[in-house]
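The structure appears right after this line, and notes come after that.
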Amino acid sequence: MGRNLAIANSFFLQFTNTGDTDFSMNLFNGGSLLKTRFDTSFIWSYNLLAVTNLTNGIFTNNTTVIILDGLTNVISSVNMLAGQTIAQYLVAANPLTDINGNTGVIDIQQQPSTNTYNIRIGGLPSVSKIGFTPDGSVLAIPTAGTFAVANPFVTVQSTIPIEQIENSETGNSYRVMSIDLYSQQQEQLSQNIQYGNKNANGNRVLYSTNPVSDPYGLGIVIFGADVEGMIIDVETIFRYTINAQSQVRLTFNYVKGNLELMRGLNQAFIQRLIVQYATDKKILDEDRLHEIIVQ
């Protein structure tokens, strides 16, 4: 049996994308190849880094980019030729693997309108330095304690660790009654949400909903009826895109039960629809019969 969520009836996930491109992630779908990988609770960053050998993302000299751990062991060493780009370096360097077998990823993005760079390394708890030679600079990289996904420019904070939410899906099921969104970026608030599960035939079914803005303009989007039937369990898909340079908090309001209970609730919901359909059909048939008699 999975662990229960250590919260009462709701939890939130807060996403921050400091990169220059949108990033889509898939949550809750345990065991699926679609699932977005969360590396570890470590992410290392260095912002506004000026490198002599880099101009507009292009190496101007033959350069060796080296990444070291705290004991000066080499995690990565990649030789770049003059004229090659950061994009080519990232392809050659990723994924990173330290001496303990931990895997991670590095990303480098140029600050707009400047010749400085932001560097993020996620998933490696032992990273301490990155160097560019013959530039000669070996720089310590400060750490930020949060969750790192496969894109190290996207971080996640939450009521409890995302790993615990995912572990809790085994043996438990969470019916989501509503989702509240909060963001300072209006475009982020209008971002489409997709969610789904497996139907009775074992096929994945994906639904899509567009959040409805709060009429009082508080930056909160609330929708409940649109997620009717959304359940978080080991088969769930939840797909959401974090826009570039955006931050958003999603609060999931739920009712928890074991899988057997949730299947019973689902069956009751289906039965209610069947009864309602039969009632509506009977009324419609009686109306039609009355029209025929009158004619």
Side-chain angles (χ1 to χ4, degrees), residues 5 7 9-30 32 34-38 43 45 47 107 109-113 118 120 122 144 146-162 165-166 169 174-199 204-233 235-255:
L5 297 183
I7 44 181
N9 304 324
S10 71
F11 64 91
F12 76 78
L13 299 174
Q14 180 164 302
F15 303 93
T16 302
N17 184 357
T18 58
D20 298 324
T21 58
D22 299 346
F23 182 73
S24 297
M25 60 177 59
N26 295 288
L27 304 177
F28 309 135
N29 50 326
S32 169
L34 296 174
K35 182 178 176 180
T36 295
R37 179 169 61 91
F38 286 80
I43 184 168
S45 65
N47 297 329
D107 200 354
Q109 295 186 3
Q110 183 177 358
Q111 280 284 90
S113 303
N118 295 339
R120 293 285 176 91
T146 184
F147 304 103
V149 295
N151 179 342
F153 278 85
V154 177
T155 57
V156 184
Q157 294 172 305
S158 61
T159 311
I160 57 176
I162 184 69
I165 295 174
E166 292 171 343
E169 296 168 17
Y174 302 88
R175 177 181 287 275
V176 178
M177 310 306 292
S178 65
I179 302 177
D180 305 334
L181 288 83
Y182 176 81
S183 176
Q184 298 292 336
Q185 291 82 21
Q186 188 61 41
E187 289 186 1
Q188 182 63 58
L189 286 176
S190 60
Q191 184 63 241
N192 178 269
I193 287 178
Q194 295 179 305
Y195 65 94
N197 213 299
K198 282 187 177 180
N199 61 18
R204 291 197 178 277
V205 179
L206 197 62
Y207 303 96
S208 180
T209 184
N210 292 310
V212 179
S213 298
D214 173 50
Y216 297 100
L218 298 177
I220 298 176
V221 175
I222 300 176
F223 57 96
D226 287 343
V227 292
E228 180 76 41
M230 178 181 174
I231 291 179
I232 298 176
D233 60 22
E235 299 294 351
T236 300
I237 293 177
F238 184 86
R239 184 172 299 159
Y240 190 65
T241 298
I242 315 301
N243 294 341
Q245 301 294 324
S246 293
Q247 184 179 76
V248 61
R249 185 176 69 237
L250 282 67
T251 301
F252 295 79
N253 304 301
Y254 69 88
V255 174

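Numbers here simply count residues along the sequence, with the first being 1.
Rounded to the nearest 0.5 angstrom, L189 CG and S183 OG are separated by 5.0 Å. Annotation: the span from Q109 atom CD to N118 atom CG amounts to 7.5 Å, rounded to 0.5 Å. Note: D180 CG to R249 CZ = 9.0 Å, rounded to the nearest 0.5 Å. Separation of atoms CD (Q184) and CD (Q247) is listed at 8.5 Å; rounding is to 0.5 Å. Separation of atoms OG1 (T155) and CG (N17) is listed at 8.5 Å; rounding is to 0.5 Å. Note that the OG atom of S246 and the CD atom of Q186 stand 11.0 Å from one another [nearest 0.5 Å].
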Discussion item. Does L13 form a side-chain contact (heavy atoms from CB on, under 4.5 Å) with L27? I'd like the steps, not just the answer.
Written reply: CA-CA 11 Å; L13 299 174; L27 304 177; 3.8 Å; yes

Discussion item. Before you tell me yes or no, could you show the steps for I231 and V176 under side-chain contact (heavy atoms from CB on, under 4.5 Å), namely the whole-Å CA-CA distance, both residues' side-chain angles and the distance that decides it to 0.1 Å?
Written reply: CA-CA 6 Å; I231 291 179; V176 178; over 6 Å; no

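Screening F12, F238, Y174 for a ring pair (Phe, Tyr, Trp, His ring centres under 6.0 Å) with F252, the sole residue that qualifies is F238. Exactly one of D22, T241, L181 qualifies for a side chain to side chain contact (heavy atoms under 4.5 Å, CB included) with Q191. That residue is T241. If you run side chain to side chain donor-acceptor pair (under 3.5 Å) between Q245 and each of T21, D20, T18, only D20 comes through.
At a cut-off of 3.5 Å, with distance as the only test, a side-chain donor of S208 or N192 sits close to an acceptor on the other residue. Residues D233 and N197 bring a donor and an acceptor atom of their side chains to less than 3.5 Å of each other.
Considering all non-hydrogen atoms of both residues, S190 and P211 come closest at O-CD, 4.4 Å. Between S10 and N253 the shortest heavy-atom distance is CB-OD1, 3.5 Å.
Within the 4.5 Å cutoff, the side chain of I242 has heavy atoms near those of the V248 side chain. Between R239 and L206 there is a side-chain heavy-atom pair separated by less than 4.5 Å. With a 4.5 Å cut-off on side-chain heavy atoms, F15 and M25 count as touching.
Using cut-offs of 30° and 60° on the angle between ring planes, the pair F11 and F28 is perpendicular. Ring geometry for Y195 against Y207 counts as tilted: the plane angle lies between 30° and 60°, on a 0 to 90° scale.
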